[in-house]
Amino acid sequence: MSLGASSMCPTQKRTLSCLLAGRVGKRPKQENAQELQEAAVQLLNRHQNLSDLFLEVGSPNPCNLICKEYSGQKKAASESPSPTIGGSLLVNELRRKAGELGVPVAALSVKMVVERLLDLTGHIKGDREQVLLNSTQRVQLSVLLQSTRELLSLEAFCSKLFWQEYWRDQKQPMLEVVHHLHTQNILSLEYMLESENGVRSWLMSELKALCGRTATEEGDGVPQQVLSTVVSVLVRAVFEETQDSTAAPCGRLSQVCRSVLDDMLSWVLDTLNCKQTLQSGETTAELWVQMFDASLCGVSVSPDALRRFFTHSLTHTLTYRPRLKVSDAIAMQREWGFAKTCRLLTSLFRKLAVIFKVEELLSHLQQVLETHEVNWQHVLSCLSTLLVYNPNTQHSLKELLSRLLSSAFEVYDLENMITAFLLARQGALEGPGVFPSYSEWFKMSFGGASSYHGNSKKSLVFLLKFLSDLVPFDPPQYLKVHILHPPYVAVKHRALLQEYISLTKTRLADLKVSIEEMGLYEDISGAGASVQPQCQPRQDVEKAISLFGSTGRISATVMEASIFRRPYFLTRFLPALLTPRVLPVKPDARMNFIDSLKKAEKIPAAQHSSYIESCQRERQRQQDSKGVSVVNDDDNPQEVLQVQLQEHRALLTEGGSDGAVSAQLARISHTLSIVFPERAEELVSQAVIKLHVDESTFSELHNKVVNMILRSFCQSLLDASRISPPNKQSPWASQFVNILLGHRQLLTALLHRMWDLLHNQGVSLSAAHVLGLAAFVVHLDASQAQCPKVQLCPPLLPGPVSVPEALTTALPCTTQTNMLFCVRFCVAAVCYGLCRSESLCDQPQQQQQYNPCGLYKKLLYLIPRLMPDMRRLPIEASGESEYVGANKQGEEENRGLWKSVTDTNTTWRKSAWELWKHAPFHLLVKLPEYQFSFSEWLAAELRVQRSEDALSDPDRQEYQQWACQQLYLPSPVDQGGCAGDLRTACSHILNAVMDQKTVCAQTQENTDHRPSEAGTCLPDILSRLQEIVYEMELTSRSQRTQDKGHFLLDLISHRCSVTSDLQSISSELSLQQTLHTWNRVILALPAVMLVTVKTGGGKRTLDCETLMEHINQYQRKGCSPAGLLPYHLTAHFLRAVLMASVSCDCASGEVNKAMSLISLQCPLLLVSAGHWWGRLSPVLVSLWHRLTDGQPLPQQLQVLADCHLWVCSSKDGVSCPVPSAPPLLLAACLHCVWEGQGSGKGIRTSLEMLGQLTEHHSQLLVFLLFLCVTDLLTTFLTPQRVKGLQRAQELCKDILTVLVDSADWLLLFKSPCSEKGLYQPVAVVTSDEYTRLMPLAFYSLVPHLNSEVLEKTVKVPGFLHTAVLCYSSLIKLFMDGQTPCPVTEHLTDQVLVSQMDPSYILTRAQQVLLKTISLTSPTSLSQHQLNQLEALCVDLDPEVAAALVFHLSSSSLSPELDFL
């Protein structure tokens, strides 16, 4: 202060009378200045009225001078900071008056300002209601303070003296006045806080009063300014570090400021805990919470001080009033979720956390938990707020939990254990979209051998002891988790776990939570409402049916429940399963599941009958009257959801913060959990959603909510896009989709609605709908890690698939209409995905997050197909083409791409053109999953319906030729092409055609979803195949290579080997279907492709090894009837031999060699050639003459002609010598003639003639018997030929009559092929199934022989041995369920019906065998053979085994005993 001594306190006290006397007389100024100053100060200190003093001396009040100079100061205030002329005049006047009064100028000016200030504020003292100045007062105060600053600058004012006078005269100054004094640099707030003891309590009351002002009062904005100034001062005083180490510490100021900050924060927390606190957040404490904002005091406070302040405040909040114990936190934790936490408290946590990283916050939270007693409600509410508002919290929290558990098990620390459990449960409260469920976390942490407790018994005991200590306090849902998903325990320590489970079950019983009421598949967590007892069985039924549909077997859980939890199974599970309904015409998964349980005798017969009757009554009821479902709108949360969605949309349009959007989505999720009352924590990723593509059975309320959600998403996307492009938007869309994934029932309804919109209503959707739904699918794809698998019903795809793949299936490309919609939808989706991922990175690995590969591939297929100009711009792996630059697209191009989609005046063709030229679009093709391979293109093209194609026939031919020849044939293999290899291209086409036919055959009932085979582009694709094969043929000729046969046959061999891996009926049927498809395709290709011409030793010869191996290994299994190739296939194979032979040096000789080799190694083709020779002869003879210019037939073909001529002659009764041909060929020709002739004298005459032949030709009769036995088995396996049983039996009996004295025919029924001797070829003529059923044929034939023939047959050497082996094999077939059950519905002959019954055949077989044993001499079998047969029958049929021992053992005394 410049006034020097005048600012000092007087050293001598003088009376008022002396001072008054001194004013009358004159005193020398220079000599008595010190005394005058002391007297003036003493006078002022005695509270004399200065104004009255001025009046006493007859002078006006100097305070009025300040007001008179207002107009002059207002003009000069902004011109210069230096004192104004008016200010100088004022000081001169003050000095003059001070001289007259004999007081210091500073003292006079202080008293003058105080008086004026008290007058301005109305002399308010003590308690008062006014907190802020009005506008008039604020203007007057501004003028007063401006004058005061001028006095201060002219050293005519003392700030400290002013504060002493002002504080003494007005005990409760207005905080706004103090604020202006501080901001005008007249008197600092720091000095005020440090000078007087009562300032702290005054400041506290002023701050609370200021926070209590409502927004309607005058002076909006001023409270925030005042509070911001005060908070800045307080924070600086406490948390700002002083750089000058020599400065004296201001400990008292720091303590006062810290106490003010802490007390105000405590006041806020107390206010939140008050029951009268409004939930809307408009409380008296809300204004103070707003002060925790980095932008408010960040200018005057350093970042480090602000971080220390926020850290201190967070610590204070977390540790404020730690009244609750850990046990209380465990019990009450469920009420502390985000949705139930006071909004003001969550706002406080958000503001305190905004300047920190998640890792820093969780680290500090851990430190506080380790070093303080905490308020658990605040700690857990803080964690919930972080999880909801910051998506990165989940990962950091998982790491924190891992550290806590590792530390806990290292030193067996209970505090870390309980902390980890509380934090994990709190995270689970917020739902699976925010944090994994408690059950999932518990399983991951303790469910495996490598878990924290799995390394030692001590760790296990520690865990179980900890869990046991929690039992008295744990809510039931957590106890259920521990029972349903117990910790991993080694076998030797299972007793420890059983003790804990027993304790837990006892506790649940005390809580009246029945163990039996727990669901079979219950997965409980603390999130969401607990499942009602009446809902749990229904959920168990749905899960059991889902597992049954995917595995085909009753799950072990259900089977165990039917035994060990029988009360729950009978009284809860079965009633939920057997709920009456209208049974579908075709059995669905539920019906099949019920039937399986019925067969397993798990459903009581009476209960099942009652269920069937109830279902019939339900059908009748629905037929009588149409049921109407009434939805009660009372307390319907639909309106609440509508409002919340509108608020969410408003936040997006008004620029709401990410945290506010996240909080609103959390509230929406809570409302959805009410609309769809399921377990909010259920892990949908562990289940499979069934998507019924034909129908949707959801309630009216659910349908409305789903439409509301989709409509809101589309509108929100459009609103947000008007403000900024996708790459500039907040992650609201991803968060929106994530909350939907936390509700399985809602997700199921959403997927059904999405399927219906995309598959059935695509044409009617507007551009806005298309864009919104496309973006929705994009975000589903980005979140597919949290999505469950989807099973389409009917199964259009093999097995469960991801959600994006299922929805992509809803976009067929089979007709012009759905092609146009599909390209519109996919263009919108990919454009959105590319624009959304622009903010991530230019690398394709980063872009794929928002670009579904299925939709991307559809564009690669549709755009070149529908837009011919695009074929000149092929997608290349480098991302460049002739017209597309290699430079990255700029921000302007990104906006142009987005505009092409959102502009209402644009077309899909313009959008597709912009997209095709967009460089990032080309980058994705570098990734393998985004490459549209040749095989995928073929599959898509084969689904197109030619009659409704967008292309005409010529255009389609041009497009397909471009795709095959220009796009895929030259492309590298790693890009889905063929690398110029014609064989690779041919293989792709063949596989695609076969796959398409197989899929169509497997889903014939789904004609609404797959085009019929006749209407597809199969003829066009086969034409492309023929073009490639023709080019391959020309290439092989030019390169002088003739090894093309192996290529085709190796391809089909590979497919058949994969198909026939499993020995089952389904595998055999699949193999037959594969062969049937292959045969149809191969008949469209040149036959010469099947046989290889090899060069060796300077000669060119035929190589038929691969063809014969193919026929023996695969074609044999697909023949129908067995043992005979179809005519067209037989002709094709033989044409292949003839056509390939002309490339050899000696065509005729090569044909002879090939046919000789076929007769030895491929008897099936030989039998088929003999059977069909009547039709083959003109075809092959004409072909041979064309190929060789009329040369005579090769010798082996002439043998076929001779055999056919001999058979025809014998049929006419003409005797002629037997040709020199293989017996099997002769038998095949004869069998063919007999099929057309029927039974009668002609056949018997032929048999008698054959019986008179030499022994060399007896093989013919055996082979002929084999062919007839094959016919006999065919009547059992083929319903169409069941009427031929009697004729087949007659033929076999006639042949056996001729062969009665020969034992060769018994070789046909030997099971190992090696024991068949000369008749081994029969094993590679018929199928394996027929070979397996030869014992059935044996006993379908032998018991029907007349007694004379049977007696002769029994005496044939080896008959008994063969009969016993066939009998044992027949019993095994019967026991394994492999005996055929012929369809005898159309048979009227009951005797014939009984003869085809497997049980009848088995009974007759036993009778005949016992009779045979009784008629057989003991010497007919060796002891070794007898022991072998006895061991074989002792378990299968003890009676037969006993008969063998009794009659044939050397110790038998009664070999003549007859068992009949």
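For the single chain, residues carry numbers from 1 onward in sequence order. Because only heavy atoms are used, hydrogens play no part in the values below, and waters and symmetry mates are left out as well, while side chains stay in.
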Side chains of [X] and [Y]: does their closest heavy-atom pair fall under 4.5 Å?
{"X": "Arg553", "Y": "Ser596", "answer": "no"}
{"X": "Leu401", "Y": "Thr419", "answer": "no"}
{"X": "Leu423", "Y": "Leu383", "answer": "yes"}
{"X": "Val801", "Y": "Lys789", "answer": "no"}
{"X": "Ile545", "Y": "Leu577", "answer": "yes"}
{"X": "Leu361", "Y": "Leu314", "answer": "yes"}
{"X": "Leu404", "Y": "Asp413", "answer": "no"}
{"X": "Gln784", "Y": "Asp781", "answer": "yes"}

Check this for me: [X], atom [atom1], are more than 12 non-hydrogen atoms of other residues, nucleotides or ligands nearer than 6.0 Å?
{"X": "Glu929", "atom1": "CD", "result": "yes"}
{"X": "Glu373", "atom1": "CD", "result": "no"}
{"X": "His493", "atom1": "NE2", "result": "yes"}
{"X": "Glu415", "atom1": "CD", "result": "no"}

Under the side-chain contact (heavy atoms from CB on, under 4.5 Å) rule, collect the residues that match up with [X], sequence neighbours excluded.
{"X": "Ser456", "value": "Tyr412, Lys458, Ser459"}
{"X": "Ser734", "value": "His779, Tyr850"}
{"X": "Asp474", "value": "Ile330, Arg425, Leu470, Tyr478, Leu479, His482"}
{"X": "Val434", "value": "Leu387, Glu430"}

*Among Phe409, Phe446, Tyr452, Phe421, which residue meets the ring-ring contact (aromatic ring centres under 6.0 Å, His included) test with Phe466?*
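Single ring-ring contact (aromatic ring centres under 6.0 Å, His included) partner of Phe466 among Phe409, Phe446, Tyr452, Phe421: Phe421.
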*asked:* Side chains of Gln394 and Lys398: any donor to acceptor distance under 3.5 Å?
replied: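 There is such a pair (donor and acceptor under 3.5 Å, judged by atom type) between the side chains of Lys398 and Gln394.
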*Does a donor on one side chain sit under 3.5 Å from an acceptor on the other, for His378 and Thr319?*
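There is no such pair between these side chains.
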Give, for atom [atom1] of [X] and atom [atom2] of [Y], the distance between the pair rounded to the nearest 0.5 Å.
{"X": "Leu463", "Y": "Ser445", "atom1": "CG", "atom2": "OG", "answer": "10.0 Å"}
{"X": "Leu503", "Y": "Leu467", "atom1": "CG", "atom2": "CG", "answer": "10.0 Å"}
{"X": "Lys443", "Y": "Ser437", "atom1": "NZ", "atom2": "OG", "answer": "7.0 Å"}
{"X": "Leu429", "Y": "Arg334", "atom1": "CG", "atom2": "CZ", "answer": "8.5 Å"}
{"X": "Leu747", "Y": "Cys787", "atom1": "CG", "atom2": "SG", "answer": "6.5 Å"}

Taking side chain to side chain donor-acceptor pair (under 3.5 Å) as the test, write out the residues that go with [X], two or more places apart.
{"X": "Arg350", "answer": "Ser657"}
{"X": "Gln791", "answer": "none"}
{"X": "Glu360", "answer": "Arg307"}
{"X": "Ser669", "answer": "His743"}

With no hydrogens and no angle check, is any side-chain donor or acceptor of [X] less than 3.5 Å from a backbone partner on [Y]?
{"X": "Tyr568", "Y": "Ser562", "answer": "no"}
{"X": "Ser783", "Y": "Leu780", "answer": "no"}
{"X": "Arg744", "Y": "Pro788", "answer": "no"}
{"X": "Thr393", "Y": "Leu386", "answer": "yes"}
{"X": "His372", "Y": "Gln367", "answer": "no"}
{"X": "Ser407", "Y": "Arg403", "answer": "no"}
{"X": "Ser451", "Y": "Gly454", "answer": "no"}
{"X": "His752", "Y": "His692", "answer": "yes"}

*asked:* Under the criterion side-chain contact (heavy atoms from CB on, under 4.5 Å), I'd like the reasoning laid out for Ile501 against Thr504: C-alpha separation, chi angles, the key distance, then a yes or no.
replied: CA-CA 5 Å; Ile501 292 179; Thr504 305; 5.5 Å; no
*Yes or no on side-chain contact (heavy atoms from CB on, under 4.5 Å) for Thr671 and Arg667, after CA distance, side-chain angles and deciding distance?*
CA-CA 6 Å; Thr671 306; Arg667 299 180 189 98; 5.6 Å; no
*Stepwise, does the side-chain contact (heavy atoms from CB on, under 4.5 Å) test hold for Glu359 with Leu400?*
CA-CA 9 Å; Glu359 294 79 5; Leu400 173 60; over 6 Å; no
How would you list, by chain and number, every residue that makes a ring pair (Phe, Tyr, Trp, His ring centres under 6.0 Å) with [X], sequence neighbours excluded?
{"X": "Trp336", "value": "none"}
{"X": "Phe338", "value": "Tyr389"}
{"X": "Tyr500", "value": "none"}
{"X": "Phe593", "value": "Phe548"}

_Working note: Leu496 + Val489, criterion side-chain contact (heavy atoms from CB on, under 4.5 Å); need CA distance, chi angles, decisive distance, verdict._
CA-CA 9 Å; Leu496 298 175; Val489 176; 5.7 Å; no
*Looking at His453 versus Phe462, is the centre-to-centre ring distance below 6.0 Å?*
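When the ring centroids of His453 and Phe462 are compared, they turn out to be at least 6.0 Å apart.
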_Asp595 bridged to Lys599 by N-O distance under 4.0 Å_ =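 Between Lys599 and Asp595 there is no salt bridge, as every charged N stays at least 4.0 Å from the carboxylate O atoms.
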